[in-house]
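In this chain, numbering begins with 1 at the start of the sequence shown. As the structure is a computational prediction, the values presented were derived from the model and not from experiment. For ligands, and for the atoms within them, numbers begin at 1 and follow the listed sequence.
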Amino acid sequence: MRDIIINQPLDMHLHLRDNDMLKLVAPFSAKSFSGGLIMPNLSTPITNKQMLMSYKNRVLEAIDGNNFEPYMTLFYQNYDTKFLKDIQNDITAIKLYPAGITTNSKQGVSNFDIKELEPTLSVMSELDIPLCVHGETDGFVMDRESQFMDIYEQLATNFPKLNIIMEHITTKDATKIVQKYDNLYATITAHHLLITLDDVAGGFLDPHLFCKPIAKRYEDKEALVKLATSGNKKVMFGSDSAPHPTHKKECCGCAAGVFTAPIALQLLCELFIKDEQNINLQEQNLQKFLSSNAVDIYGLTPPNKTITLREKNYKVAVDYKNTTHTITPMYGGKTIKWSII
Ligand code: NCD
Ligand code: ZN
């Protein structure tokens, strides 16, 4: 039985939701991670300081004394210098959503003209506020991310001092572009390292694996695995754990999002720790993907926390409930190969 220890694991793309859902899901992330980048797409997106601070307090309350730092984000809109200077120290990044592309993104950006974005992005660049981007067009679902690569390249070249994070990349194209520009970085989820469209819709439809961006082809998954497991400094873990109530997943009009918070770390161990001969290197690369790369990219000082994982079967719960909500995790009811001890 092998044990591995991860220091200060970070989840740099996390949906914790609000109210009773927040109370149900936050402890899972707080148990596995030292901190997380908290997404701002609540049903009313976070667009001002008062909303941000009160949401942060609700998050801190929900993690209930667990040593977990919520790195807060703001929902991208046109913001002026005064506003950004005033909120700068309370946020870790600003998250840009194309309008209507995913859950609670109606108020996102519909015009990607550089001229339109310039006033806000140039101030963010000056103030060193990173821009996180949900990079999808409204084109054919399998091509949406690839079609967005032009926009990433325009952003990267027009704002060379702005740190831009390509969120939850899913394609071989994205693995290339992220390495082409110094100011581009990326997060990768656990599920996109493990599944393809075949797992979502190749047999019986699995709504619990349906998310935006949709899982792609085998060659895309292979390119993602290669990049993530190589220790490359441009990529970091972001679970995109995105819970929706089970009845909103198992229905017609299934909501997009995969809930992975309780098993993400264990799944990454299974993926990275493969071959006996290279255990040290594999552990080092896992540590980079899960923590040090994000620490360097964002300049973070996460709370001290070490998580020990054991190569020991773990039966994933069929669902998790409180009095208000039931949610179904990825691989609910299945057995995975690593446990947190
Ligand atoms: C996310 C959600 O539900 O908030 N859904 C998803 O499929 N990933 C939003 C997002 O990150 O796209
Ligand atoms: Zn997300």
Taking CG in D138 as the centre, count heavy atoms belonging to other residues, nucleotides or ligands within less than 6.0 Å. Is the count above 12?
no

H13, N/O/S atom nearest the Zn ion (ligand 2):
NE2

Ligand 1-proximal atoms of H168, by part, heavy-atom distance under 4.0 Å
side chain

Hey, is there an N, O or S on D240 sitting under 2.8 Å from the Zn ion (ligand 2)?
yes

The closest protein heavy-atom partner of atom 7 (O) of ligand 1 is K212 N, 2.8 Å

With a cutoff of 4.0 Å, is H244 in contact with ligand 1, counting heavy atoms of the residue only?
yes

Ligand 1 contacted by H13 (non-hydrogen, < 4.0 Å)
yes

Consider ligand 1: state whether an atom of it lies below 4.0 angstrom from any non-hydrogen atom of K248.
no

re atom 8 (N) of ligand 1, the protein heavy-atom contact at minimum distance is D240 OD2, 2.7 Å

Within the supplied structure, the quantity of interest is the number of heavy atoms (other residues, nucleotides, ligands) at a distance under 6.0 Å from R217 CZ; does it exceed 12?
no

Does only the side chain of N41 get under 4.0 Å from ligand 1, or the backbone, or both, or neither? Count heavy atoms.
side chain

Apply the ring-ring contact (aromatic ring centres under 6.0 Å, His included) test between F112 and each candidate in Y76, F148, Y97; give the one that qualifies.
F148

In ligand 1, which numbered atoms sit nearer than 4.0 Å to a non-hydrogen atom of G257?
5 (N), 6 (C), 7 (O)

Are there more than 12 heavy atoms of other residues, nucleotides or ligands under 6.0 Å from atom NZ of K49?
yes

Between H192 and H168, does the ring centre distance come in under 6.0 Å?
no

Any N/O/S atom of H134 sitting less than 2.8 Å from the Zn ion (ligand 2), backbone or side chain?
no

Does C211 reach ligand 1 with a nitrogen or oxygen that is under 3.5 Å from one of the ligand's nitrogen or oxygen atoms?
no

For ligand 1, is any non-hydrogen atom under 4.0 Å from E167's backbone (N, CA, C, O), its side chain (CB onward), both, or neither?
neither

Geometric N/O contact H15 with ligand 1, under 3.5 angstrom:
yes

What N/O/S atom of H15 gets nearest to the Zn ion (ligand 2)?
NE2

With Q8, which of T301, N304, N67 fulfils side chain to side chain donor-acceptor pair (under 3.5 Å)?
N304

Do F272 and F289 make the cut of ring centroids closer than 6.0 angstrom?
yes

With a sphere of 6.0 Å drawn around CG of D199, does it hold more than 12 non-hydrogen atoms of other residues, nucleotides or ligands?
yes

Salt-bridged, E167 to K95, with N to O below 4.0 Å?
no

Provide, to 0.1 Å, the distance between atom 12 (O) of ligand 1 and the closest protein heavy atom, together with that atom's residue and name.
T102 OG1, 2.7 Å

Between Y181 and Y152, is the ring centre distance below 6.0 Å?
no

Polar contact flag for A256 and ligand 1 (N/O pairs, less than 3.5 Å):
yes

For R17, take its heavy atoms, then give the atoms of ligand 1 lying under 4.0 Å from any of them.
2 (C), 3 (O), 4 (O)

For K234, does the NZ atom sit with more than 12 other heavy atoms under 6.0 Å from it, leaving out its own atoms?
yes

